[in-house]
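Whatever order the structure lists ligands and atoms in, that order sets their numbers, starting from 1. Residue numbers run from 1 in the order of the sequence given. For clarity, every value in this text was computed on a predicted model and none was experimentally measured.
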Amino acid sequence: MKAIVSDLKSIDETRQGEAFYMPDIDEVNDINLKRFYIESYGCQMNFSDSEIVASILAESQYHPTRDIEKANLILLNTCSIREKAEETIRKRLRTIDKLKANRPGTMVGILGCMAERLKQSLLDDEKLVDLVVGPDAYRDLPRLLNRAEDGDKGINVLLSREETYADISPVRLESNGVTAFISIMRGCDNMCSFCVVPFTRGRERSRDPFTIVSEATHLFDKGFREVTLLGQNVDSYKWQHPETHETYTFAQLLEQVARIHPDLRVRFSTSHPKDMTDDVLHAMASFENICNYVHLPVQSGSSRVLALMNRTYDREWYINRIEAIRRIVPDCAVSSDIIAGFCTETDEDHQDTLSMMAWADYCMSYMFSYSERPGTLAARKYKDDIDEDTKKNRLSEIIALQRQLSAEHNARDVGKTYKVLIEGDSRKSDLEFKGRNSQNKMIVFPKLPGFKPGSYADVFVESANSATLIGRIVQS
Ligand code: SAH
Ligand code: SF4
Ligand code: F3S
């Protein structure tokens, strides 16, 4: 996934308390104020974690800034999923190194998956790094920072079987005030042979559902109108009440969150084909506000490759899951993740992936060429034997097919009217709004009086370009 640099906004919250809006910190002219700047890379879980980190840092009197030049503490929340993701961070550190030369005393911290994967070696290799903190150790940041302020480098990369940061109210860093992410679980117990996540994020654990519902309610009360429940494999969410021993499944959690208010949209990511139950689909069908969109990564269309990937489903199983989606939630959009050039992949396997994509008719896919990750099952057991050119060619074919499928989807949407949640101004013009329909498709349309971010509008789609639908509000 593309690394996106976070752009801090001036919203702050106290931990566990009522939310309040801070004045824009960058405008507060107090040179003694301690400021932190954070950049997030990788998946949505990392972006969500940065908001937890911001909340914990508030305890140490660190305030967020959007201006890296003003920061006393620069944090990179990092990703290890592919080699390129780690290279990006190393490059970024070179730039920060130059910046630090002009601002001695500025501390630099590496958080997230790269911190967890590389541990002490990051402190040894990257001399400018003062802190290395893994995804389960963020509560230790105030202590580590105290020590770092005294010149001692600090590291905590302990993984936990319990930590879910359930009691922490995240500081919404990049908020549009309408949509928000809520982490419902951490870690992953699957062992997909290509994947580094089980090593960087540890064992799977689910968060107390009561804290999830309360966070979502709180967001709704503040004017938010959409929450996305996040986990590496949301379908295996399972929480047992410590006293009653009652268990809660993902389908039950989804319904609880949907019941908060019909105007609160609920999304979730990521679903795992081996675990996605019909119960979840029935919940989607029963609640209008659970969005008709499933991200169901297939990875490969070849059963032989899927077995090597240790995905624990085959092509037939995956097809069966898509058929269940179509049967139970007829209007549902499906997207995917695809890896090109996994170990031993033949042309025939690659053709299976293309035919799977066309059959599943994905509205969107994240597409990657295989990148071997040290320590994973695949790195230990198989040879990374598909040459770079072949990987590149196969990936281009996959991308071209997805482009065609997306264009066909968009063309089919022209002439339809969708209920859209307005997220804010469109990227190109402040005379236009942008918002998504239930199927997660972005639609851009001219503003009309009476509509604002957070409102719902019925939008008639007039035309489409490759990425976006263009429409107008229809009023009854
Ligand atoms: N938990 C999610 C995936 C999280 S990682 C799931 O199981 O679907 C996001 C995506 O990165 C994966 O779906 C996969 O397509 C891709 N990915 C993971 N490891 C990779 C690797 N070593 N090389 C290339 N792509 C990889
Ligand atoms: Fe990685 Fe597989 Fe877990 Fe997804 S389910 S995070 S791909 S190990
Ligand atoms: Fe990357 Fe870690 Fe997410 S490796 S994809 S940031 S869980």
Asker: Does any donor atom in the side chain of Asp124 or Ser121 lie under 3.5 Å from an acceptor atom in the other side chain?
Answerer: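 Short answer, no.
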Asker: Could you tell me which atoms of ligand 2, counted from 1 in the order shown, lie closer than 4.0 angstrom to a heavy atom of Pro198?
Answerer: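 Every atom of ligand 2 under 4.0 Å from some heavy atom of Pro198: 8 (S).
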Asker: In ligand 2, which numbered atoms sit nearer than 4.0 Å to a non-hydrogen atom of Cys188?
Answerer: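 Heavy-atom distances to Cys188 below 4.0 Å select 3 (Fe), 5 (S), 6 (S), 8 (S).
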Asker: Flag the pair Arg90 and Glu126 as a salt bridge only when some basic side-chain nitrogen lies within less than 4.0 angstrom of an acidic carboxylate oxygen.
Answerer: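 The answer is yes: the pair qualifies as a salt bridge.
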Asker: If I take every N, O or S atom of Cys43, is at least one of them less than 2.8 Å from atom 1 (Fe) of ligand 3?
Answerer: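 Here the distance criterion (N, O or S atom, under 2.8 Å) is not met by Cys43, so no.
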Asker: Using a plain distance cutoff, I'd like to know if Arg82 has any nitrogen or oxygen under 3.5 Å from a nitrogen or oxygen of ligand 1.
Answerer: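 Checking ligand 1 against Arg82, an N or O pair does fall under 3.5 Å apart.
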Asker: Pairing donors with acceptors under 3.5 angstrom, does anything connect the side chains of Asp49 and Asn77?
Answerer: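 Result is no, nothing qualifies.
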Asker: Could you list all the salt bridge (Lys or Arg N to Asp or Glu O under 4.0 Å) pairs where at least one residue sits in residues 309-320, not counting sequence neighbours?
Answerer: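 Salt bridge (Lys or Arg N to Asp or Glu O under 4.0 Å) check on residues 309-320 returns no pairs.
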Asker: Under a 3.5 Å cutoff, is there a donor and acceptor pairing between the side chains of Gln402 and Ser406?
Answerer: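 Yes, Ser406 and Gln402 have a side-chain donor paired with an acceptor closer than 3.5 Å.
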Asker: Looking at ligand 1, does any of its N/O atoms fall within less than 3.5 Å of an N/O of Asn233?
Answerer: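 By distance alone, the answer is no.
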Asker: Which of the numbered atoms in ligand 2 are under 4.0 angstrom from any heavy atom belonging to Arg311?
Answerer: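 This gives 2 (Fe), 7 (S) as the contact atoms.
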Asker: I'd like to check whether Tyr370 has a polar contact with ligand 1, where a contact means an N/O of the residue lying under 3.5 Å from an N/O of the ligand.
Answerer: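 No, Tyr370 has no N/O under 3.5 Å of an N/O on ligand 1.
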Asker: Does any N or O atom in Arg311 lie less than 3.5 angstrom from one in ligand 1, N or O only?
Answerer: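 Yes, Arg311 has an N/O under 3.5 Å of an N/O on ligand 1.
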Asker: Indicate, as side chain, backbone, both or neither, the part of Cys113 found under 4.0 angstrom from ligand 3 when only non-hydrogen atoms are considered.
Answerer: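 Cys113 to ligand 3: side-chain contact only, backbone stays beyond 4.0 Å.
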Asker: What protein heavy atom lies closest to atom 5 (S) of ligand 2? Include the residue and the distance to one decimal.
Answerer: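 Heavy-atom neighbour on the protein nearest atom 5 (S) of ligand 2: Asn190 ND2, 3.3 Å.
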Asker: Between the side chains of His350 and Glu397, is a donor N or O closer than 3.5 angstrom to an acceptor N or O?
Answerer: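 Per modelled atom types, His350 and Glu397 side chains form a pair under 3.5 Å.
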Asker: Quick one: which ligand 2 atoms are inside 4.0 Å of a heavy atom on Cys192?
Answerer: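 Heavy-atom distances to Cys192 below 4.0 Å select 2 (Fe), 5 (S), 7 (S), 8 (S).
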Asker: Less than 4.0 Å between a side-chain N and a carboxylate O, is that true for Arg139 and Glu162?
Answerer: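 No salt bridge links Glu162 with Arg139.
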Asker: Can you confirm, on distance only, whether ligand 1 has an N/O atom lying under 3.5 Å from any N/O atom belonging to Thr270?
Answerer: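 It does not: no N or O of Thr270 is found under 3.5 Å from an N or O of ligand 1.
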Asker: Taking distance alone, with no angle check, do Gln232 and ligand 1 share an N/O pair under 3.5 Å?
Answerer: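 N/O-N/O distance under 3.5 Å: yes.
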Asker: Heavy atoms only: which of Gln232, Met45, Glu116 lies closest to atom 7 (S) of ligand 3?
Answerer: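 Looking at heavy atoms only, the winner is Gln232.
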Asker: Pro297 versus ligand 1: do any nitrogen or oxygen atoms come within less than 3.5 Å of each other?
Answerer: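 No, no N or O pair falls under 3.5 Å.
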Asker: How would you list all residue pairs meeting salt bridge (Lys or Arg N to Asp or Glu O under 4.0 Å) that involve residues 359-381, not counting sequence neighbours?
Answerer: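 Non-adjacent pairs meeting salt bridge (Lys or Arg N to Asp or Glu O under 4.0 Å): Glu86-Arg373, Asp361-Arg412.
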Asker: Numbering the atoms of ligand 2 from 1, which are under 4.0 Å from a heavy atom of His272?
Answerer: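 Listed by number with element, the hits are 5 (S).
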Asker: Counting only heavy atoms not in Arg143 (residues, nucleotides, ligands), do more than 12 fall under 6.0 Å from its CZ?
Answerer: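 Above 12, so yes.
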